[in-house]
Amino acid sequence: MTENQTAQGPKHKRDVTRRKVVVAGGAAVVAVGVGGTIAATANAGQTSKTGKGVSPTASSTSSEECYKLTSETTEGPYYIDADKIRQDITEEKEGIPLTLRLKVIDNETCKPIRNAAVDIWHCDALGLYSGYEDLSTGGGGGGTPPSGTPTDVPSGTPTGSPPAGGGGGSHEEPTDDKRYLRGTWKTDKQGFVTFKTIFPGWYRGRCVHIHTKVHVNGSWTDAGYEGGNTCHTGQFFFDEESVLASAEVEPYSTSTTERTTLTEDTIYDQSGTTGGLLKLKYKKKDIAKGVIGTITMGVDPEATHDGTGDAVQPGASAST
């Protein structure tokens, strides 16, 4: 099963006002940027309060900047609530080091949102998701592809726009206990949260991406994060240049899975940063050394997004 299916809401934990995550044992590893630096946050879609484009400078303040609401998408079939509270989600998985630095702001007031719980999860370098290794369609790791070419390929291409939010697939129950490349951490007083992971691989029907959820209005306890509402469900995307560069590096280079490009993907809405496109920084001739990805997410803290791509209005309850 891939994510490129008809979007349906997850059939587990439909009460989006409840959330609890389990604290991972041991201290969290603080992610650092390549070469000890962090790239500036991507601000595409930014406008001034007069509606004119602005170029952010060191003297700019949040009161002078506005952002478009970041696109909502379906959560996909491989989301697992109760992920580990940690910043380093690598678990020794092979791949290009990726430092992901995210910022969460209220898109109406433009102020940073502190103490939000941010989830991220994605496949490994060969397209496998932890918890679903026998369901997710990995890259095969250099296996022998099927012989021959189908001769009954339908002619023409589908017409019309993709489904709202893109096809995400209904939720699947986990089939194993692995939890690599999954984690949750809280935003600081400036709205930032940083994760250490690897550059994702790809699988049939989807471009390279990372899933995310933002939870607000809850509380951090000894058990993790509880209550509140999920104000954003989205995905982060990677430009083609970076993906092509990663495909030259092992283990990505061993994948035999046909890759879907960014422009072919049915979930990315082609709107740049507003749609989840990351700003990436790396050595052009040596991406294997590591990548820094940054983005600002403009969210509505009063909204609830149930994972189907549709918003539940404040005061309303999610469907079951």
Side-chain angles (χ1 to χ4, degrees), residues 2-5 7 39-46 67-79 89 95-104 118-125 127 129 136-137 139 161-169 181-182 193-195 197-214 232-247 252 255 257-282 287 290-299 305 307 309:
T2 71
E3 292 184 5
N4 199 19
Q5 296 177 318
T41 303
N43 291 329
Q46 176 184 337
Y67 295 80
K68 293 180 180 178
L69 193 67
T70 300
S71 300
E72 297 294 326
T73 71
T74 55
E75 70 177 32
Y78 303 140
Y79 175 60
I89 65 173
I96 298 168
L98 172 64
T99 296
L100 195 62
R101 185 160 168 81
L102 314 173
K103 185 175 184 179
V104 182
V118 179
D119 296 328
I120 65 167
W121 71 100
H122 62 86
C123 69
D124 68 7
Y129 279 89
S136 51
T137 54
S161 303
L181 306 180
R182 297 177 179 273
V193 61
T194 302
F195 291 97
T197 184
I198 63 168
F199 200 101
W202 59 89
Y203 50 93
R204 190 176 305 278
R206 286 301 318 279
C207 68
V208 176
H209 65 283
I210 293 175
H211 293 268
T212 189
K213 281 181 177 284
V214 179
H232 176 61
T233 299
Q235 296 180 28
F236 304 130
F237 299 94
F238 297 76
D239 61 70
E240 281 297 300
E241 182 181 4
S242 66
V243 174
L244 288 172
S246 74
Y252 309 89
S255 174
T257 299
E258 181 180 359
R259 187 175 63 82
T260 297
T261 66
L262 189 65
T263 55
E264 294 170 336
D265 193 76
T266 59
I267 291 181
Y268 175 56
D269 63 10
Q270 313 298 321
S271 65
T273 301
T274 301
L277 186 64
L278 292 165
K279 178 178 180 179
L280 303 176
K281 181 179 180 180
Y282 57 92
I287 194 173
V291 178
I292 299 171
T294 59
I295 196 169
T296 294
M297 292 181 282
V299 304
H305 292 277

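The model shown is predicted, which means the values in this text are computed figures rather than measured ones.
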Return yes when atom CD of Glu258 has more than 12 non-hydrogen atoms of other residues, nucleotides or ligands closer than 6.0 Å, and no otherwise.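 No - once you tally the heavy atoms of other residues, nucleotides and ligands closer than 6.0 Å, there are 12 at most.
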Yes or no on ring pair (Phe, Tyr, Trp, His ring centres under 6.0 Å) for His122 and Tyr78, after CA distance, side-chain angles and deciding distance? CA-CA 9 Å; His122 62 86; Tyr78 303 140; over 10 Å; no
Taking the side chain as every heavy atom from C-beta outward, state whether [X] and [Y] have any pair of such atoms under 4.5 Å apart.
| X | Y | answer |
| --- | --- | --- |
| Leu244 | Arg259 | yes |
| Val118 | Phe195 | yes |
| Lys213 | Thr233 | yes |
| Pro200 | Phe238 | yes |
| Thr296 | Thr273 | no |

Enter the distance from [X]:[atom1] to [Y]:[atom2] here, rounded to the nearest 0.5 Å.
| X | Y | atom1 | atom2 | value |
| --- | --- | --- | --- | --- |
| Thr73 | His305 | OG1 | NE2 | 10.5 Å |
| Gln235 | Glu72 | CD | CD | 11.0 Å |
| Glu240 | Thr263 | CD | OG1 | 6.5 Å |
| Ile292 | Leu280 | CD1 | CG | 10.0 Å |
| Tyr203 | Cys123 | OH | SG | 6.0 Å |
| Leu69 | Thr274 | CG | OG1 | 9.0 Å |

Considering all heavy atoms, the nearest [X]-[Y] contact:
| X | Y | value |
| --- | --- | --- |
| Leu262 | Asp239 | CD2-CA, 4.3 Å |
| Ala125 | Ile198 | N-CD1, 4.1 Å |
| Phe237 | Gly275 | CE1-O, 3.4 Å |
| Val214 | Met297 | CG2-CE, 4.0 Å |
| Ile210 | Ile120 | CG2-CB, 4.1 Å |
| Ser246 | Trp202 | OG-CZ3, 4.5 Å |

Go through Leu100 and Leu278 one step at a time and tell me if the side chain to side chain contact (heavy atoms under 4.5 Å, CB included) criterion holds. CA-CA 9 Å; Leu100 195 62; Leu278 292 165; 3.9 Å; yes
Mind checking whether Tyr79 and Trp121 have parallel, tilted or perpendicular rings, split at 30° and 60°?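 Rings of Tyr79 and Trp121: tilted, as their planes differ by 30° to 60°.
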Asp265/His209 under side chain to side chain contact (heavy atoms under 4.5 Å, CB included): CA gap, chis, key distance, verdict: CA-CA 10 Å; Asp265 193 76; His209 65 283; 5.7 Å; no
Thr260 vs Arg206, test: side chain to side chain contact (heavy atoms under 4.5 Å, CB included). Steps then yes/no. CA-CA 5 Å; Thr260 297; Arg206 286 301 318 279; 5.6 Å; no
Apply the test side chain to side chain contact (heavy atoms under 4.5 Å, CB included) to residues Phe236 and Leu102: give CA-CA distance (whole Å), side-chain angles for both, the deciding distance (0.1 Å), then the verdict. CA-CA 10 Å; Phe236 304 130; Leu102 314 173; 3.8 Å; yes
